[in-house]
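Following: one structure in structure tokens, then a few remarks.
Computed from a predicted structure; not experimentally measured. The sequence lines fix the lettering, A, B, ..., with proteins before strands; numbering per chain opens at 1.
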Amino acid sequence: MPDERRDALEKKTRYEPAEVEARIFAEWIEGGYFHPEAEGTPEQNFSVAIPPPNVTGALHMGHALNGSMQDALVRMNRMRGRNALWVLGTDHAGIATQAVVEKELRAEGSSRQELGREAFVERIWAWKEEYGSRIVEQYKRLGASCDYERERFTLDEDYVRAVYRVFKRLFDKGYIYRDNYMVNWDPGSHSAISDLEVENREVEDTLYSIDYPVEGSDRVLTVATVRPETMLADTAVAVNPDDERYADLVGTHCVLPLVGRRLPVIADEHVDPEFGTGALKITPGHDPNDFEIGRKHGLEEIGAIGPDGRMTEEAGERFAGMTAAEAQAAVVAALREEGRLRAEEPYVHSVPFSHRSGERIEPLISLQWFCRMDELAAPAIEAVEADRVRITPPQWKRVYLEWMREIRPWCVSRQLWWGHRIPVWYCDPCEETIVAEEEPEGCGACGGELRQEEDVLDTWFSSAIWPFATLGWPDDTPELRAFYPTSFLTTAREILFLWVARMIMTGIEFAGDVPFRDVYVHSVIQARDGRRMSKSLGTGIDPLGEIDQHGADALRFGLLAMSSTQDVRYSDAKVQQGRDLANKLWNASRLVLLNAAEVEPAPRPLHAEDRWILSRLERTIASVGGKLEEYDFAHAAAGAYSFFWSELCDWYLEIVKPRLYEGEAEVSATLLWALERVLALLHPIMPFVTEEIWNYHPSRRGHLAVHSFPTADESLLDPEAEAEVQEGIELTRRLRAWRDLVEAPAASVLPARAEGAEPREFVGRLSRFSFGADGGDPVAAVGAVKILASGEIDATAVAARLAARREELRSEVARAEGKLANQSFVARAPAEVVEEEREKLARYSAELEELSE
RNA sequence: GGGCGCGUAGCUCAGUGGGAGAGCGCUCGCCUCACACGCGAGAGGUCGUUGGUUCGAACCCAACCGCGCCCACCA
């Protein structure tokens with residue numbers, strides 16, 4: 001090592017991530033390691049399509065966790081010599097992005113309406129050019145080894161072509177159709193949204209009971225509703241067909257209060273006779289249930305509430321123009337005045353809200369584009385049933401299958417301007433509808449001028465084709481041939497249906513195969529107090545802040561270590577553990593690199609402890625690699641940590657220090673070799689610090705990012721050495737505990753004598769006992785070691801210590817005796833378990849006897 | 001209303017049939033020539049409750065009590 005580098009290494013006693021991360025990342029990019037050639041087959045290669053973050057997004061903890069997992073696997077596979085591609089890109093995120101730019105416009109006193117569609121869309125593009133790469137830069141901070149040269153965007157020209165191809169094909173197959181149907185209207189985004197974008201929340205409303213007089217009778221039907229304003233659109237009253245109370249009324253009519261409309265009384269099973277009075281007002285225009293009933297019975301559909309959330313002309317002159325809330329108050333007041341209001345009571349129920357805008361959903365009927373899903377779902381169900389797509393953890397397989405089997409048509413049109421404008425053209429004169437991948441010249445039927453559909457597609461329509469559209473589909477590209485199907489996908493469970501299921505469906509339908517072999521549904525990292533991490537709650541923790549403070553490696557390690565199959569609270573302690581580990585790696589490496597002789601790194605064991613550490617290392621390599629392969633990141637991280645810290649640093653380095661300082665060739669070679677393997681093993685989890693240390697390693701020929709990932713060498717496993725050294729470690733521990741308990745001065749070396757075989761050399765050194773002492777009276781025994789009297793130790797403390805140990809032993813002996821006295825245990829437990837118990841009893845009894853002298 | 005999951009040391013979490021673990025925090029002792037983001041030694045737990053199965057249960061079964069999530073058109 002050149003002197004100036006040696007000096008730098010010597011001086012730097014603390015690893016400073018901020019000083020190295022940007023430089024290392026630039027080197028990786030410079031090396032082109034993240035940009036594989038499109039060669040080989042998907043089976044030979046390893047590829048991942050990143051869940052595309054919103055262009056408006058900033059890296060949050062979910063991205064950081066997801067990214068850490070993907071990067072760990074991508075890096076491991078790259079190091080294994082596979083062509084590893086991690087496709088990166090962003091999603092145009094229709095509603096979210098449009099909302100951001102509309103907000104800007106509002107601040108300027110303008111609006112998208114004022115700008116007009118074309119200028120507005122241009123404005124969003126300008127916004128995207130300026131801010132859209134933010135999150136990509138943030139992924140770099142994390143160390144994500146994505147292919148930044150193949151970055152994609154869901155509104156790229158080629159991507160749009162893929163989306164249009166898919167739409168056209170689905171239309172030609174008859175899956176896509178246009179219909180007047182009940183949709184979830186989001187007054188916030190002024191658009192329909194799909195069922196999956198609706199979240200139900202418990203809300204306390206008032207349940208109003210209203211009397212509807214029966215025509216030509218003095219009877220009334222009392223109906224209950226939380227939304228009295230919708231009565232203005234009532235077109236029937238329904239009762240259960242088996243409800244004897246009302247059997248005679250079925251077929252007659254009620255008169256709708258305030259409006260005067262005649263409402264037929266109909267019978268339908270959907271009505272629960274137990275609820276309220278058993279009579280249900282039917283509003284096909286504003287309630288999904290009533291809509292179904294209405295279609296079944298051929299009822300009139302009245303729209304009393306418009307898309308703007310205000311009452312329409314249909315609501316009657318008295319209420320038209322009011323907001324729904326105003327209308328509710330007015331209707332209640334009018335009913336009260338007319339004496340129709342029977343009761344008002346508080347009522348808690350679940351109410352749909354828009355996941356996007358947070359506003360209460362207004363169910364209403366409108367003309368939308370839908371996609372029928374059952375035909376697409378069938379092979380996607382089969383693929384998961386047959387494990388051609390494996391879902392981990394396995395309980396999510398069932399959740400997926402159950403949802404898929406109940407799948408309903410998907411409302412794919414959105415009343416937005418930002419997105420894929422639906423590739424449908426209308427000819428007004430001849431009422432022709434043309435679906436095409438490219439804008440037609442004119443109407444084929446009459447030659448008239450065409451008008452393109454105003455609506456855009458649901459953002460998820462384009463994300464559904466992400467894994468193959470990013471690789472160049474519909475063209476037959478080298479990327480598609482080399483990397484599709486992708487290897488795996490990590491995802492949050494909340495988008496299992498919204499996204500994952502749809503990718504499987506479109507992948508099979510259009511790309512001819514499932515989009516990925518494995519889906520790993522990761523846990524959710526909650527805020528420190530157990531609430532959801534959310535921007536609106538202010539509970540989010542910024543991963544970039546954590547990186548600034550502790551380094552990317554620390555955050556990555558921490559996130560992987562805290563992840564598990566169940567949801568967990570964010571743990572600062574785990575991130576600090578990662579930071580401490582990075583620092584420990586740095587310092588242990590300094591010890592080895594600065595003191596090792598100039599030798600070729602290789603396993604060159606001379607003693608049992610060398611064979612011990614080599615064996616432990618190989619076991620760790622096998623276990624950590626295996627855990628990563630099965631997506632058990634938490635145990636991979638913990639396993640690597642404990643091997644490195646406890647076994648390698650706390651024991652082996654301490655044991656071999658004298659040999660290392662002497663410049664012994666064998667231990668130098670062994671240490672350098674072990675260090676190389678440890679660095680490579682940890683690189684997928686902590687890429688920066690390991691790469692930085694690698695700069696100083698004599699084996700270095702290129703970057704660690706493309707160094708080979710270690711494979712366990714079974715010839716180095718040595719159970720005997722493991723057992724022997726383990727025994728020495730135990731003895732050292734007991735001796736240290738003994739001296740602590742008798743409060744022997746820390747620096748003192750105490751005299752002792754070993755009975756029988758001399759303990760391994762390190763035992764005395766690390767516990768500060770000298771076994772060479774002759775003469776002197778034994779004052780205590782620790783295993784086969786007799787501790788001799790000396791001025792350093794206090795006799796009463798020794799006596800107390802002995803008494804305490806005897807107490808421990810008595811309880812152990814009693815436990816073992818009790819167990820062995822149990823006839824059933826001896827008779828029915830497996831022989832080796834019983835034998836083990838006998839051995840323990842013998843061991844403890846012997847020690848107790850020794851101490852009782 | 002259905003489904004899934006969780007209740008283990010002060011905190012955050014591992015452990016899923018044979019003597020309770022980790023990290024952090026806490027106590028005591030150490031600036032020991034890699035690291036005080038460190039080293040050594042400790043204290044701390046009737047494994048939510050109650051029954052059951054078993055020679056043996058934190059672990060399997062049942063019920064109950066708490067908590068969380070997903071799905072669902074009872075007004």
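A:S642 comes within 4.0 angstrom of no nucleic acid atom, judged by non-hydrogen atoms across all strands. Residue A:V568 is in sugar-phosphate contact alone, with no base atom involved, counting any heavy-atom pair closer than 4.0 Å across all strands shown. Looking at heavy-atom distances under 4.0 Å, A:V271 makes contact with a base. Residue A:A638 is out of contact with every strand shown, counting any heavy-atom pair closer than 4.0 Å. Counting non-hydrogen atoms under 4.0 angstrom, A:F291 reaches nothing in the nucleic acid. Counting non-hydrogen atoms under 4.0 angstrom, A:P830 reaches a base of the nucleic acid. When heavy atoms are screened at a 4.0 angstrom cut-off, A:R739 is found touching no nucleic acid atom at all. Residue A:Y400 is out of contact with every strand shown, counting any heavy-atom pair closer than 4.0 Å.
Nucleotides B:G7 and B:U49 place their C1' atoms 11 Å apart, quoted to the nearest Å. Taking the C1' atom of each, B:A57 and B:A72 are spaced 37 Å apart, rounded to whole Å. Rounded to the nearest Å, the gap between the P atom of B:U8 and that of B:U27 is 24 Å. Straight-line distance between the P atoms of B:C60 and B:G5: roughly 11 Å, to the nearest whole Å. The gap from the P atom of B:U12 to that of B:G68 amounts to 15 Å, rounded to the nearest Å. Between B:C59 and B:A9, the two P atoms lie 15 Å apart (nearest whole Å). Look at the P atom in both B:G52 and B:A58: the space between them is 15 Å, to the nearest Å. The C1' atoms of B:C70 and B:C11 are separated by 28 Å, rounded to the nearest whole Å.
At least one donor-acceptor pair closer than 3.5 Å links the side chain of A:S668 to the backbone N or O of A:A597. A donor-acceptor pair is defined here as one N or O able to donate and one able to accept, closer than 3.5 Å; such a pair exists between the side chain of A:H286 and the backbone of A:I305. In terms of modelled atom types and a separation under 3.5 Å, the side chain of A:S564 and the main chain of A:Q566 share a donor-acceptor contact.
In this structure, of B:C69, B:C74, B:G23, it is B:C69 that holds the atom nearest to the side chain of A:R532. In the set B:G18, B:C35, B:A75, the nucleotide with an atom closest to the side chain of A:R590 is B:C35. Nearest nucleotide to the A:R569 side chain, out of B:G18, B:U12, B:C71: B:U12.
Under a cut-off of 6.0 angstrom, the local environment of OH in A:Y181 is sparse, with at most 12 non-hydrogen atoms contributed by other residues, nucleotides or ligands. Annotation: A:H355, atom NE2; neighbour count of heavy atoms from other residues, nucleotides and ligands within 6.0 Å does not exceed 12. Counted within 6.0 Å of CZ on A:R736, heavy atoms from surrounding residues, nucleotides or ligands total more than 12; the atom is thus considered enclosed. A:R532 CZ: 12 or fewer foreign heavy atoms inside a 6.0 Å radius.
Put simply, A:T13 has no side-chain N or O that comes within less than 4.0 Å of OP1 or OP2 on B:C35. A sub-4.0 Å separation between OP1 or OP2 of B:A14 and a side-chain N or O of A:Q566 is present. In this structure, A:R398 reaches the B:C4 phosphate: one of its side-chain N or O atoms is under 4.0 Å from OP1 or OP2. Phosphate contact (OP1/OP2 of B:U12, side-chain N/O of A:Y570, threshold under 4.0 Å): absent.
The interatomic distance linking A:H522 (NE2) with B:C69 (C1') rounds to 14 Å, in whole Å. To the nearest angstrom, C1' of B:A57 lies 15 Å from CZ of A:F825. Rounded to an integer number of Å, the gap from A:K281 NZ to B:C74 C1' is 14 Å. In this entry the distance linking CD1 of A:I525 with C1' of B:C69 reads 15 Å, nearest Å. To the nearest angstrom, P of B:C70 lies 19 Å from CH2 of A:W499. Here B:C74 presents its P atom at 14 Å from CD1 of A:I282, a figure rounded to the nearest Å. Between A:N587 atom CG and B:A36 atom C1' there is a gap of 11 Å when expressed in whole angstrom units. The CG-P distance, from A:L559 to B:G23, rounds to 19 Å in whole Å.
Pairing partner, B:C74: none, since no Watson-Crick or wobble contact has both distances short of 3.5 Å. Remark: B:G7 base-pairs with B:C65. Criterion, Watson-Crick or G-U wobble with two distances under 3.5 Å. B:G25 is unpaired under the Watson-Crick or G-U wobble criterion, no partner having all donor-acceptor distances under 3.5 Å. With a cut-off of 3.5 Å on both Watson-Crick or G-U wobble distances, the partner of B:G38 is given as B:C30. Across all strands shown, B:A58 forms no Watson-Crick or G-U wobble pair with both key distances under 3.5 Å. With both pairing distances under 3.5 Å, B:G44 is matched to nothing as a Watson-Crick or G-U wobble pair. In a base pair of the Watson-Crick type (N1 to N3 plus N6-O4 or O6-N4) or a G-U wobble (N1-O2 and O6-N3), with each distance short of 3.5 Å, B:U53 is matched with no nucleotide.
Toward the 5' end of RNA chain B, the nearer of the two residues A:K819 and A:H635, judged by each one's closest nucleotide, is A:H635. Judged by closest nucleotide on RNA chain B, A:D567 is the one of A:L653 and A:D567 placed further toward the 5' end.
No side-chain heavy atom of A:F557 sits under 4.5 Å from any side-chain heavy atom of A:L555. Using a 4.5 Å heavy-atom cutoff, the side chains of A:V763 and A:F769 are not in contact.
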Checklist entry - What does nucleotides 37-47 of chain B look like as a protein-contact string, B for base, S for sugar-phosphate only, - for none, at under 4.0 angstrom between heavy atoms? => result BSSBSS-----
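Every pair passing salt bridge (Lys or Arg N to Asp or Glu O under 4.0 Å) that includes a residue from residues 643-659 of chain A is listed here, sequence neighbours excluded: A:D610-A:R659, A:R616-A:E647, A:E654-A:K657, A:R659-A:E664.
Ring pair A:Y400/A:F497: centre-to-centre distance not below 6.0 Å.
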